[in-house]
Q: 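The structure under discussion is supplied below as structure tokens; questions concerning it will follow.
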Amino acid sequence: MSVKEQTYIMVKPDGVMRSIVGEIIKRFETKGYKLVALKMAVPSREHLEKHYEDLNGRPFFAGLINYMASGPVVCMVWEGRNVVLEGRKMLGATKPSESALGTIRGDFCIDVGRNVCHGSDAVESAQKEIALWFPEGLCEYEKPTVSWVYEN
Ligand code: GDP
Ligand code: MG
């Protein structure tokens, strides 16, 4: 659980269209995590199929790729202690109807096929996703507030 743990968070096309980008960034930023990469992208279907390769063959796969290819996404890498697991908690359950109020999905969406955001589900998948979405690398810098976020 290093302070340098990183997760890949993405605002999906519906989140962009519905103007939830700032809200999602704000939640990670004000929690105390460090933003180390951020960009908009219109990914190709091939790129999306790679990102979701574990779900290939599921009945909703074609619809998922259509949805994700329907507009721009906002790609981010957030860094901090236990950020993969905590980020998943902040997103809420995959199905918005099962997401607690107070989570991003619990607060901002209704349908599993329009659930506004993505977050890596494990440290290993985070590393794969970061390499896939940010082959150019991340932004390295020190934040002077680190001792205000972490005791040690
Ligand atoms: P996540 O890690 O919480 O995003 O969930 P998964 O990795 O299981 O699924 C990836 C994405 O596929 C989800 O965020 C949903 O957008 C979509 N998805 C998952 N399950 C379903 C489903 O049963 N129906 C539909 N339409 N989409 C689904
Ligand atoms: Mg997933």
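Both ligands and their constituent atoms are indexed starting at 1 by order of listing.
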Q: Do the side chains of V84 and E5 get nearer than 4.5 Å, heavy atoms only?
A: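 Heavy-atom side-chain distance check passes, below 4.5 Å.
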Q: Check ligand 1 against L55 and write out every atom of the ligand that is under 4.0 Å from a heavy-atom position of the residue.
A: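 With L55 as reference, the close atoms of ligand 1 come out as 7 (O), 9 (O), 10 (C).
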Q: Can you name the atoms of ligand 1, numbered from 1 with element, that are less than 4.0 Å from a heavy atom of R88?
A: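 Listed by number with element, the hits are 1 (P), 2 (O), 3 (O).
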Q: Assess N115 for proximity to ligand 1: is some non-hydrogen atom of it under 4.0 Å away?
A: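 It does; at least one heavy atom falls under 4.0 Å.
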Q: Report yes if some N/O of K95 lies less than 3.5 Å from some N/O of ligand 1; otherwise report no.
A: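 K95 vs ligand 1: no N/O contact under 3.5 Å.
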Q: Are any of the side-chain nitrogens in D107 or R27 under 4.0 Å away from the carboxylate oxygens of its partner?
A: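 Looking at R27 together with D107, the answer is yes, because their closest N to O distance falls below 4.0 Å.
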Q: W133 vs Y8 aromatic rings, parallel, tilted or perpendicular, using cut-offs 30° and 60°?
A: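 Parallel.
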Q: What protein heavy atom sits nearest atom 3 (O) of ligand 1, and how far off is it?
A: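 Answer, as residue, atom name and distance: T94 OG1, 2.5 Å.
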Q: Short N/O distance, under 3.5 Å, between V112 and ligand 1?
A: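 Looking only at distances, the answer is yes, because the N/O contact criterion of under 3.5 Å is met.
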Q: Of the choices R114, H51, R105, which has the non-hydrogen atom that lies closest to atom 4 (O) of ligand 1?
A: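 Selected option, by shortest heavy-atom distance: R105.
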Q: Looking only at non-hydrogen atoms, which of F60, F61, Y67 approaches atom 20 (N) of ligand 1 most closely?
A: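 Looking at heavy atoms only, F60 sits closest to atom 20 (N) of ligand 1.
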Q: Just to be sure I read this right, does ligand 1 sit under 4.0 Å from the backbone of R58, its side chain, both, or neither, counting only heavy atoms?
A: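 It is neither part, as no heavy atom is under 4.0 Å.
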Q: Output yes when the distance from some N or O of ligand 1 to some N or O of H118 is under 3.5 Å, and no in every other case.
A: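 No: no nitrogen or oxygen of H118 is under 3.5 Å from one in ligand 1.
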Q: How far does OG of S70 sit from CG of D14, to the nearest 0.5 angstrom?
A: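 Answer rounded to 0.5 Å: 7.5 Å.
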Q: Does E53 come within less than 4.0 Å of K128, counting only side-chain N to carboxylate O?
A: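 Result for this pair is yes, salt bridge flagged.
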Q: Of V36, L38, V77, which meets side chain to side chain contact (heavy atoms under 4.5 Å, CB included) against F134?
A: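 Only one of V36, L38, V77 forms a side chain to side chain contact (heavy atoms under 4.5 Å, CB included) with F134, namely V77.
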Q: Is the shortest distance from a Lys or Arg side-chain nitrogen in K39 or E136 to a carboxylate oxygen in the other one below 4.0 Å?
A: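 Answer for the salt bridge query: yes.
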Q: With a cut-off of 4.0 Å, which atoms of ligand 1 are near a heavy atom of Y52?
A: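 What qualifies from ligand 1 is 10 (C).
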Q: Indicate yes or no: does K89 engage E86 in a salt bridge with an N to O separation below 4.0 Å.
A: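 Yes.
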Q: Which ligand 1 atoms does L64 reach within 4.0 Å, using its non-hydrogen atoms?
A: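 Counting from 1, the qualifying ligand atoms are 11 (C), 12 (O), 16 (O), 17 (C).
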